[in-house]
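Everything quoted here is computed from the prediction, not taken from an experiment. Per chain, numbering begins at 1; letters A, B, ... match sequence-line order.
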There are 2 protein chains.
Amino acid sequence: MAKEPAPKLPASTRRSPCPVACSLDIVGDRWTLLIIRDLLLGRSRFKEFSASPEGIPTNILSERLVRLRRSRIIEQIPADDGSKRRAYQLTEKGEALRPLLEALRDWGLTWEKGTRAALTPIPRRRASTAQ
Amino acid sequence: MAKEPAPKLPASTRRSPCPVACSLDIVGDRWTLLIIRDLLLGRSRFKEFSASPEGIPTNILSERLVRLRRSRIIEQIPADDGSKRRAYQLTEKGEALRPLLEALRDWGLTWEKGTRAALTPIPRRRASTAQ
DNA sequence: TTCATTACTTGCATTTTGCAACCATTATTA
DNA sequence: TAATAATGGTTGCAAAATGCAAGTAATGAA
C-alpha cells in the first residue's frame, strides 16, 4: 500500500456527527463504491476489480482495499480455487451497502441517458460458505 | 466559479455506461451530496450551505453549485424573502436523489457509532410554488 | 528452473482540495 | 444619502489525491 491513510478513522476525525457525512467520509469518492458494486456482482479478486471497464488504477485499488478492510466493509478469505491466493468478500456491514448501490443504479438509469443496468440482484454469499 | 469543469458532461466522457459509475461521476465526491442533504432539509441559500457543520470551503461550494446546475439537479429561483437575491432548490431530478440520501443516512446510523439522524423526511417543495 | 500471472509498490506529473484573503453586490443603519 | 454590514462569491497558493507507466515480489504452471 502506498501511504497510511490514518489509523482507524476514529469518530473524532469525522467532519460532523451527521450519518450522511460520516458515510461519505467512508465511501464518498469516485472509486470505492465501484469496488462494492463489483463485489455485489460476484467479483472477488484484485484482477477482476482491475478489469472493470472504468479502469481503476492499481495503486488506487490497492489503497481502497486497505481502507475498506480497515472499515470492516470487506474481508479477505482463502480463494475458492484451491490456490494460496486470497479473495475479497463483503462483510455484513458491506452487504448492507446494497440498498445504497441500488439507489445509485436506479437514479442513473432514470435520469442519465445511455446507461445500462449492471447491478442486478444476485444471491448473497455468506462468509465461510466457500461453496 | 474557479475553472470550467467540462461543458456539459456529455455521455462520451463517462467512465462506462454503468448507471452506478455514471451517478458517481455526478455526485460521487465528499461534498456534493451534503449540499443535496441541506437542500432536502429545507436550506436554500449559499450562506446556509456554508454554515453546515462540515464546513465546506466556499470555492468548492461555488464550483459544486455550478456543476449541479449544469446537471439540472438544482435550479435558481428568486428568494422568497422579497429581496433581489436568489435561492437554490432541487429540481425533480434532484428530489429523486432522496432515496440515495436516505440509504446513506440509514447505513451510517446502523454501522457507525456516534452518528445522529439529520435527514428527516420533510414536506416537498415544488418549483414555482413561491408561496 | 524458467516463465507467466497475480497482486501489488514506486515515482512522478497533473488535478483537486483546503485555507485564507480579497472583492462586488445587495441590504441595513444612522 | 452615506457609511456599514452581510451575502455570495473569486483568487492565489500550498498540500493532498489522482492517474499513468514502470517496476517488483510471490505464487503457480510447464
Whole-Å gap separating C1' (dT18(D)) and CD (Glu54(A)): 16 Å
Quick one: Glu63(A) CD to dA16(D) P, roughly how many Å, whole number? 14 Å
Derivation and outcome, salt bridge (charged side-chain N to carboxylate O under 4.0 Å, His left out), residues Glu112(A) and Lys93(B): CA-CA 10 Å; Glu112(A) 292 297 319; Lys93(B) 182 178 179 180; 2.7 Å; yes
Filtered N/O pairs between nucleotides 25-27 of chain C and protein, under 3.5 Å:
| from | atom 1 | to | atom 2 | distance (Å) |
| --- | --- | --- | --- | --- |
| dT26(C) | O2 | Arg85(B) | NH2 | 3.3 |
| dA27(C) | OP1 | Lys84(B) | N | 2.5 |

Output all residues satisfying side chain to side chain contact (heavy atoms under 4.5 Å, CB included) with Ala51(A), sequence neighbours left out; order by chain, then residue number. none
Any carboxylate oxygen within less than 4.0 angstrom of a Lys/Arg side-chain nitrogen, looking at Arg86(B) and Glu75(B)? no
Out of dG9(D), dC8(C), dT17(C), whichever nucleotide has its closest atom nearest the side chain of Arg64(B): dT17(C)
For Arg69(B), what residues pass the side-chain hydrogen bond (donor to acceptor under 3.5 Å, both in side chains) criterion, not counting sequence neighbours? Gln76(B)
Face-on cation placement of Arg15(A) at Trp31(B) ring, 6.0 Å and 45° thresholds: yes
Length of the line joining Lys47(B):NZ and dG8(D):C1', which is rounded to integer Å: 11 Å
From CG (Asp80(A)) to CD (Gln89(A)), nearest 0.5 Å: 10.0 Å
What integer distance in Å separates Phe46(A):CZ from dA25(D):C1'? 14 Å
Atom CD of Glu48(B) and atom P of dG8(D): how far apart are they, to the nearest Å? 8 Å
Side-chain N or O of Arg30(B) versus OP1/OP2 of dG18(C): is the shortest distance under 4.0 Å? yes
Check whether any side-chain nitrogen or oxygen of Tyr88(A) sits under 4.0 Å from OP1 or OP2 of dT6(C), and answer yes or no. no
Walking DNA chain D from its 5' end, the first of Gln76(B) and Pro57(A) to be reached, judged by nearest nucleotide, is Gln76(B)
Name all residues meeting the side-chain hydrogen bond (donor to acceptor under 3.5 Å, both in side chains) criterion together with Asp29(A); count only those two or more places apart in sequence or in a different chain, and write none if there are none. Thr32(A), Arg64(A)
Once you round it to whole Å, what is the distance between C1' of dT15(C) and CH2 of Trp31(A)? 14 Å
Protein-nucleotide distance (Ile56(B), atom CD1; dC19(C), atom C1'), rounded to Å: 13 Å
Between protein and nucleic acid, restricted to nucleotides 12-14 of chain D and to nitrogen or oxygen atoms under 3.5 Å apart, what atom pairs and distances do you find?
none

Spacing between Leu61(B) atom CG and dG18(C) atom P, to the nearest angstrom: 12 Å
Which pairs with one or both residues in residues 44-62 of chain A pass salt bridge (charged side-chain N to carboxylate O under 4.0 Å, His left out), sequence neighbours excluded? Arg37(A)-Glu54(A), Arg45(A)-Asp81(A)
Exercise: identify the closest heavy-atom pair between Arg43(B) and Ser52(B): NH1-OG, 3.5 Å
Counting only side-chain heavy atoms from C-beta out, which of dT7(D), dC8(C), dG9(D) sits nearest to Arg45(B)? dT7(D)
